[in-house]
Protein chains: 2
Amino acid sequence: MEYTSVDPPALVSQLDMPLEKTKPRTRIQKQNIAAIMDAALEVFSANGFRGSTLDQISQAAGISKPNLLYYFNSKQAIHVQLLSELLDVWLAPLREMDPQGDAQVELMAYVRRKLELSRNFPRESRLFANEIVQGAPRIEGFLKNDLKSLLDEQAKVIRTWMDDGKLARLDPYHLIFSIWAMTQHYADFDAQIRMVRADQITDSHDGAEEFVESVFRKILAP
Amino acid sequence: MEYTSVDPPALVSQLDMPLEKTKPRTRIQKQNIAAIMDAALEVFSANGFRGSTLDQISQAAGISKPNLLYYFNSKQAIHVQLLSELLDVWLAPLREMDPQGDAQVELMAYVRRKLELSRNFPRESRLFANEIVQGAPRIEGFLKNDLKSLLDEQAKVIRTWMDDGKLARLDPYHLIFSIWAMTQHYADFDAQIRMVRADQITDSHDGAEEFVESVFRKILAP
DNA sequence: AAAAAATTTTACCATTCGGTAAAGTTCAGC
DNA sequence: GCTGAACTTTACCGAATGGTAAAATTTTTT
């Protein structure tokens, strides 16, 4: 499994996670842990947790399997680390939606931020998609607590916007789901889009931003 | 792994696929092959190909592993069989879109058929999603040939509808992708929707049909 | 430059996994 | 109710997989 992604940088490359508790990472640790996280992202996002092997990850990271296990105690540990870093970033765009701002502007900005994530961090998106499609057993807590509270909160905000006549009257939950669906689709189903348009485009996201934005402008119009 | 799905029936339950070439399936064969296909659908859709084991499948089918391998020569063979039956069905709704019909009516009917598949055959949808998210290595031929030709064809039809002023002028490919995204989302990301709305709804598809239909009515309006 | 700490390699191991051989059992047609 | 075919079970096997022990090497600190 070859991968040489440097641009855009992996979401997870500059982490500093303790090997034990709060030791001050050496040069070699930083380097190897970053390589492992990037390799793990590559492998897990392409094969899911059960479908990925430590051999694949260690090979992609350019180190031996026992050496990899010197930095992380288990396959699970790598996966947990990867997800926990991702989830914060995944939540950010929704969190940034400002109740004080203009309804249209805020929601369109949210759509745009999600489209950016989809374009710049497709592996992260697929890592997440793999988890969800397979029943989300390892991020149940995140979904039921963190994401749920934030979603409920922002759904309320959207509802007040609608009450004020700033937006079309729609179910706020389904509205957000539809944003998730349409933005993530280009990253998660990238393979399908590329294969089905092989002769017409090289960039699977080609035209996606304009299309999705124009569609949501229409949907949101009061 | 328990599963007792009888309603709706699995898309694959009434198949008659030859063990060798064209033998006339016995009673026991029909029964066991159907059980295997249903079990395989359950397991593969929940874990992906590499993440699934023959032990899981044989246990879910209620037979021993060697007995399972009496009916299918390999894990691959089960998976191929499952996918090849699914793909026909998956293509049908798009194929049914009639160039002679009314643009709005035809496209809205397409949306409705896709929503029905999502609601009635979520496992099949997730089986497909698993394949695509992981790079679609086993259905490349289908995507590049069958799906691509049909998509190109129907994109042309949509374009003539737009030229005739029956629809808003949009990129037909992105329009179809958006239908795929929004309809399949409810099946593929079912786990997320359920967890995030655990206290509010029991049916993850609750309100989805109305929402998606109303959104596409808006999008399509000239 | 010696000692201590951190890192890497070598050589394993137990379990799981996909798959096979062959004996045993059940079933359908006569 | 006998016979051949269909089906099922038992007992395996080799490869892959997650993981460990401990020796060997490199790096950092003193």
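Lettering follows sequence order; numbering is per chain, from 1. Being a predicted model, the structure only gives us computed values, none of them experimental.
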**Student:** Using only side-chain N and O atoms of A/Tyr70, determine if any of them is under 4.0 Å from OP1 or OP2 of C/dT7.
**Tutor:**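 A/Tyr70 to C/dT7 OP1/OP2: side-chain N or O found under 4.0 Å.
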**Student:** Expressed as a whole number of angstroms, how long is the span from B/Asn67:CG to C/dT20:P?
**Tutor:**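 Rounded to whole Å, this separation is 15 Å.
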**Student:** Can you measure B/Leu69 atom CG to D/dT10 atom C1' for me and round it to whole angstrom units?
**Tutor:**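 To the nearest whole Å, that distance equals 15 Å.
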**Student:** Ignoring backbone atoms, establish whether B/Arg50 has a side-chain N or O less than 4.0 Å from OP1 or OP2 of C/dT16.
**Tutor:**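 Checking B/Arg50 against C/dT16: no side-chain N or O falls below 4.0 Å of OP1 or OP2.
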**Student:** Measure from CZ on B/Phe72 to C1' on C/dT20 and round the result to the nearest Å.
**Tutor:**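 My rounded result for the distance is 19 Å.
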**Student:** Categorize A/Leu54 for me: base, sugar-phosphate, or nothing, with a 4.0 angstrom heavy-atom threshold over every strand shown.
**Tutor:**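 Sugar-phosphate: the residue A/Leu54, judged by heavy atoms under 4.0 Å, touches backbone atoms but no base.
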**Student:** Could you tell me how far apart A/Asp55 (CG) and D/dT20 (C1') are, to the nearest whole angstrom?
**Tutor:**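 Going from A/Asp55 (CG) to D/dT20 (C1'), I get 15 Å.
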**Student:** Show your reasoning for whether side chain to side chain contact (heavy atoms under 4.5 Å, CB included) applies to A/Ile158 and A/Tyr173.
**Tutor:** CA-CA 9 Å; A/Ile158 291 174; A/Tyr173 288 95; over 6 Å; no
**Student:** Could you tell me the separation between the CD atom of B/Gln76 and the P atom of C/dC17, rounded to a whole number of Å?
**Tutor:**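 Taking atom P of C/dC17 as the reference, CD of B/Gln76 is at 17 Å.
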**Student:** Between B/Glu209 and B/Arg119, is there a salt bridge with N-O shorter than 4.0 Å?
**Tutor:**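 So B/Arg119 pairs with B/Glu209 through a salt bridge.
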**Student:** Looking at every strand, decide which applies to B/Ser58 at a 4.0 Å heavy-atom threshold: base, sugar-phosphate, or nothing.
**Tutor:**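 The answer is nothing, as B/Ser58 stays clear of every strand by at least 4.0 Å.
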**Student:** Any salt bridge between A/Asp199 and B/Lys148, counting N to O under 4.0 Å?
**Tutor:**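 Salt bridge between A/Asp199 and B/Lys148, a charged N being under 4.0 Å from a carboxylate O: yes.
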**Student:** Could you state the NZ-P distance from B/Lys75 to C/dC17, rounded to the nearest angstrom?
**Tutor:**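 It works out to 9 Å between those atoms.
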**Student:** Taking only side-chain N and O atoms of B/Ser64, does any of them lie within less than 4.0 angstrom of OP1 or OP2 on D/dT8?
**Tutor:**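 Checking B/Ser64 against D/dT8: no side-chain N or O falls below 4.0 Å of OP1 or OP2.
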**Student:** With distance as the sole criterion, do the side chain of B/Lys65 and the base of C/dG18 form a donor-acceptor contact below 3.5 Å?
**Tutor:**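 Between C/dG18 and B/Lys65, which were checked side chain against base, a qualifying N/O pair under 3.5 Å is present.
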**Student:** Determine whether the aromatic ring centres of B/Phe211 and B/His205 lie less than 6.0 Å apart.
**Tutor:**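 B/Phe211 vs B/His205: aromatic centres not under 6.0 Å.
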**Student:** Would you mind reading off the distance between A/Ile28 atom CD1 and D/dT29 atom C1', rounded to a whole angstrom?
**Tutor:**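 In whole Å, D/dT29 C1' and A/Ile28 CD1 are 14 Å from each other.
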**Student:** For a quick test of reading the model: is some side-chain N or O of B/Tyr71 closer than 4.0 Å to OP1 or OP2 of D/dT8?
**Tutor:**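 Yes, such a contact exists.
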**Student:** Could you check how far NE2 of B/His79 sits from P of C/dG19, rounded to whole Å?
**Tutor:**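 The answer, rounded to whole Å, is 13 Å.
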**Student:** Less than 4.0 angstrom between a side-chain N/O of B/Gln29 and OP1 or OP2 of D/dC7, yes or no?
**Tutor:**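 It does, given that an N or O in the side chain of B/Gln29 lies less than 4.0 Å from OP1 or OP2 of D/dC7.
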**Student:** Taking the ring of A/His174 and the ring of B/Tyr186, is the distance between their centroids below 6.0 Å?
**Tutor:**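 When the ring centroids of B/Tyr186 and A/His174 are compared, they turn out to be within the sub-6.0 Å range.
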**Student:** Of all the nucleotides listed (C/dC17, C/dT7, D/dA11), which has the minimum atom distance to the side chain of B/Thr53?
**Tutor:**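 Closest nucleotide among those given: C/dC17.
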**Student:** With respect to the phosphate group of D/dA6, does any side-chain polar atom (N or O) of B/Asn32 fall under 4.0 Å of OP1 or OP2?
**Tutor:**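 For D/dA6, OP1/OP2 do not have a side-chain N/O of B/Asn32 under 4.0 Å.
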